[in-house]
Amino acid sequence: MLAQPRDALNRAYFARLLAEGGNFAVARPQAAMAVQLAPTSAYAAGQYGVVSYLAREPLTARVQLERALELSGGSYPDFSYYLGRLNLDAGDLTRARSNFGDAASTGQSADAYYFLGLSLERSGTGTAAQPQQAAQAYRQALNLQADHPEAAEGLARLQP
């Protein structure tokens, strides 16, 4: 298990690793315990949100990710990325674009740029498609990861 069972940050990280490996039965309680041990930790709340997203529990994921960003003042691009995924899944393009923009602001995540592009390519109620900005986001994703197949497909869709 954990070397320091009361260490909330290690527990949160451990929960995330378990979730990424598909072991949600163990990951969920580990993430919840991390938040119990450190209720004001943005990192613990955010990892609980990521675990919940990966476990397909959108309500818990949203609560925890929004809480993490509130606690941190928005300084966790990874948590903004997953909140963007939730917003995109829910069809809230305005919020998804904002979250992906925050996640992409570090300039390090090809996936953040890809999903920013995807959210910009789509249109919805009160939200117009922005194909030129979407193409730029796809290009940035490809600059970071030349073999990003989804970004290449997105760019191909937008170019005549």
Side-chain angles (χ1 to χ4, degrees), residues 1-122 124-125 127 134 137-138 140-141 144-145 147-154:
M1 179 74 177
L2 297 170
Q4 301 271 336
R6 299 211 41 88
D7 184 340
L9 300 184
N10 280 336
R11 189 176 290 274
Y13 180 70
F14 179 62
R16 168 88 176 254
L17 292 176
L18 288 167
E20 287 176 350
N23 190 347
F24 303 116
V26 177
R28 279 190 225 104
Q30 290 298 323
M33 179 59 74
V35 170
Q36 261 187 335
L37 291 170
T40 60
S41 169
Y43 182 78
Q47 294 297 16
Y48 188 14
V50 172
V51 166
S52 298
Y53 177 83
L54 295 173
R56 300 184 194 284
E57 297 171 347
L59 297 177
T60 302
R62 180 174 303 284
V63 166
Q64 293 301 324
L65 290 166
E66 287 177 348
R67 186 166 164 260
L69 293 173
E70 181 181 310
L71 287 168
S72 71
S75 63
Y76 279 104
D78 192 38
F79 302 153
S80 291
Y81 167 80
Y82 279 100
L83 189 55
R85 295 283 307 263
L86 281 169
N87 288 322
L88 188 62
D89 293 348
D92 187 344
L93 296 175
T94 301
R95 289 178 65 193
R97 291 173 182 180
S98 175
N99 292 129
F100 291 131
D102 290 345
S105 68
T106 64
Q108 304 299 312
S109 173
D111 284 339
Y113 279 106
Y114 163 70
F115 280 103
L116 176 60
L118 188 61
S119 68
L120 290 164
E121 185 179 353
R122 293 181 179 175
T125 305
T127 308
Y138 290 144
Q140 186 60 36
L144 291 169
Q145 183 184 336
D147 64 343
H148 197 291
E150 294 91 354
E153 290 171 11

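- Residue Thr60 comes nearest to Ser52 through the heavy atom pair CG2-OG, 3.2 Å, listed as atom of the first residue, atom of the second, then distance.
- From Gln145, atom CD reaches atom OH of Tyr114 across 12.0 Å, with rounding to the nearest 0.5 Å.
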How far apart are the C-alpha atoms of Ser41 and Leu71, what are their side-chain angles, what is the distance that settles it, and do they pass the side chain to side chain contact (heavy atoms under 4.5 Å, CB included) test? CA-CA 7 Å; Ser41 169; Leu71 287 168; over 6 Å; no
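- Inspection of the Arg62 and Asn87 side chains reveals an N or O donor paired with an N or O acceptor under 3.5 Å.
- Here the closest heavy-atom approach between residue Ser80 and residue Asn99 is recorded as O-CB, 3.2 Å.
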Determine whether Tyr138 and Tyr113 satisfy the following criterion, side chain to side chain contact (heavy atoms under 4.5 Å, CB included), listing intermediate values before the conclusion. CA-CA 6 Å; Tyr138 290 144; Tyr113 279 106; over 6 Å; no
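- No side-chain heavy atom of Gln140 sits under 4.5 Å from any side-chain heavy atom of Leu116.
- In terms of heavy-atom proximity, Ala34 sits nearest to Arg11 at N-CD, 3.6 Å.
- Atom CG in Leu88 sits 7.5 Å away from atom CZ in Arg85 (nearest 0.5 Å).
- Between the Ser75 side chain and the Ser72 main chain, a donor and an acceptor come within less than 3.5 Å of each other.
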Walk me through it: do Glu150 and Leu118 pass the test side chain to side chain contact (heavy atoms under 4.5 Å, CB included)? CA-CA 9 Å; Glu150 294 91 354; Leu118 188 61; over 6 Å; no
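- In this structure, CD on Gln64 lies 12.0 Å from CG on Leu59, to the nearest 0.5 angstrom.
- Ring pair Tyr76/Tyr43 is tilted by interplanar angle, where 30° to 60° counts as tilted.
- The two atoms that bring Glu121 and Ala134 nearest to each other are N-CB, 3.7 Å, heavy atoms only.
- The line from OH of Tyr82 to CZ of Phe115 is 9.5 Å long, rounded to the nearest 0.5 Å.
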Could you go through Gln30 and Val51, starting from their C-alpha distance and side-chain angles, then the distance that decides it, and tell me whether this counts as side chain to side chain contact (heavy atoms under 4.5 Å, CB included)? CA-CA 10 Å; Gln30 290 298 323; Val51 166; over 6 Å; no
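- The CG atom of Leu86 sits 9.5 Å away from atom CZ of Arg95, with the distance rounded to the nearest 0.5 Å.
- Annotation for Leu93 and Ser119: closest pair CD2-O, 4.0 Å, computed over non-hydrogen atoms.
- Within a 6.0 Å sphere centred on OH of Tyr13, other residues, nucleotides and ligands contribute 12 heavy atoms or fewer.
- Taking CG from Leu18 and CG from Leu54, the interatomic distance works out to 11.5 Å, rounded to the nearest 0.5 Å.
- Here the closest heavy-atom approach between residue Gly49 and residue Leu65 is recorded as CA-CG, 3.8 Å.
- Counted within 6.0 Å of CD on Glu20, heavy atoms from surrounding residues, nucleotides or ligands total more than 12; the atom is thus considered enclosed.
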